[in-house]
Asks: 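The structure's right below; bear with me while I get my questions together.
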Number of protein chains: 2
Amino acid sequence: MADSFEQWPADIAFGLLGDLIGYAIRRAQIGIYKDFDASVTGLTPPLFAALILIDANPGINQSRLGQVMGVNRAAMMALLDRLSALKLVRRVPSPSDKRANVLQLTALGQKCRAEASAEVRAHDARIARNLTTAELKTLRRLLKKF
Amino acid sequence: MADSFEQWPADIAFGLLGDLIGYAIRRAQIGIYKDFDASVTGLTPPLFAALILIDANPGINQSRLGQVMGVNRAAMMALLDRLSALKLVRRVPSPSDKRANVLQLTALGQKCRAEASAEVRAHDARIARNLTTAELKTLRRLLKKF
DNA sequence: TATTGTTATACTCTATAACTATA
DNA sequence: TATAGTTATAGAGTATAACAATA
């Protein structure tokens, strides 16, 4: 099939790329993202991550969430504007800091988070289907070293 | 520092995300991309990958390069238009197929590829500094299973 | 002075859909 | 019919630079 992604096609020379651990991680990621998009309806990976993090960290504000996700405040704004337009997330004025907003999931946001979580669990199990439990544990340990 | 990315902040609850191997790979990637951007001047990761692949695979055409990189033809066009505007890549009519273009690096493209390669090697060594040779070998083997 | 949220702006990455020339 | 390149268009993700309100 022309649209299936082949991780390391045998007929292609990768040159320096074949030596780079960063590129090996990137190639794994390409396939994982394609499976995520095909598996999870209506949410992108960053949107899903934001829903989980907001739910798991009551009282978190925009700037802190941006730091955690590795993006700056302006990028976080765009992401939250989208979640807000989808009626999944609410900005609530912080009681302790008049500059800040506290982020909360709406009832719809909770429902969406729960439904997407099931799809994402299935997706993650599918991409990891060729690894044993021990291999997954090793992989997780090694990835923490970056 | 407010601008340094912390991979798994201890004060943050990751909920389901902490169980997903796909998210563990994604978090490693975030830091790696930030280091790449800070290390390599003038080229993004996809642009650099394209330069290497074009150089290592003489006679490759646009569609095939897109397949290898995991993007469709239209996305490949945009990427090649940029490399072309930078005078790094040339489209040459294929002698064997009048529909196709063969991709070639210009002299400037060769120079840019060589200089960026040195920067990227240093970048890759830096991000992998906490892993042993054996660990890198294991990681590479496990990543191929996705 | 530093931080939070915000807006304006711009660039990169990627996709879909439709067209043309050729296979 | 199918494929290679192309164009138009759109949306997501991300960044910099500036500003007002608050800490």
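Reckoned from all heavy atoms, side chains included, excluding hydrogens, waters and symmetry mates. Everything numeric in this text was worked out from a predicted model, so none of it was measured.
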Asks: Which whole-number value in Å describes the distance from Q62(A) CD to dT7(C) P?
Replies: 10 Å
Asks: N/O contacts under 3.5 Å, protein versus nucleotides 21-23 of chain C?
Replies:
residue : atom : partner : partner atom : Å
dA23(C) : OP1  : K98(B)  : N            : 2.9

Asks: Round to the nearest Å and state the distance from D81(A) atom CG to dG5(C) atom P.
Replies: 12 Å
Asks: Round to the nearest Å and state the distance from L103(B) atom CG to dG5(D) atom C1'.
Replies: 11 Å
Asks: Quick one: what's the B/S/- string for nucleotides 12-20 of chain D, heavy-atom cutoff under 4.0 Å, read 5' to 3'?
Replies: SSBBB----
Asks: Measure the distance from CZ on R91(A) to C1' on dT6(C) and round it to the nearest whole Å.
Replies: 9 Å
Asks: Once you round it to whole Å, what is the distance between P of dT7(D) and CG of L80(B)?
Replies: 13 Å
Asks: Indicate yes or no: at least one non-hydrogen side-chain atom of L86(A) is less than 4.5 angstrom from one of C112(A).
Replies: no
Asks: From CZ of F5(A) over to C1' of dA15(C), roughly how many Å is that when rounded to an integer?
Replies: 17 Å
Asks: Can you check whether I54(B) reaches V89(B) side chain to side chain, under 4.5 Å on heavy atoms?
Replies: yes
Asks: With heavy-atom distances below 4.5 Å as the criterion, would you say the side chains of I127(A) and I32(A) are in contact?
Replies: yes
Asks: Can R26(A) and Q29(A) be counted as having a side-chain donor-acceptor contact under 3.5 angstrom?
Replies: no
Asks: When you compare the side chains of R126(A) and S39(A), does any donor N or O come within less than 3.5 Å of an acceptor on the partner?
Replies: yes
Asks: Do the side chains of R64(B) and D11(A) get close enough for a salt bridge, i.e. N-O under 4.0 angstrom?
Replies: yes
Asks: Rounded to the nearest Å, what distance is computed from the CG atom of residue N101(A) to the C1' atom of nucleotide dA21(D)?
Replies: 12 Å
Asks: Going by heavy atoms in the side chains, are V68(A) and F14(B) under 4.5 Å from each other?
Replies: yes
Asks: If you measure only the distance, is there a donor-acceptor pair under 3.5 Å linking the side chains of Q62(A) and R91(A)?
Replies: yes
Asks: Would you please test S63(A) and N72(A) for side chain to side chain contact (heavy atoms under 4.5 Å, CB included) and show each step?
Replies: CA-CA 7 Å; S63(A) 290; N72(A) 72 9; over 6 Å; no
Asks: Should S94(B) be listed as having a side-chain N or O under 4.0 Å from OP1 or OP2 of dA4(D)?
Replies: no
Asks: Between M77(B) (CE) and dT16(C) (C1'), how many Å, whole number?
Replies: 15 Å
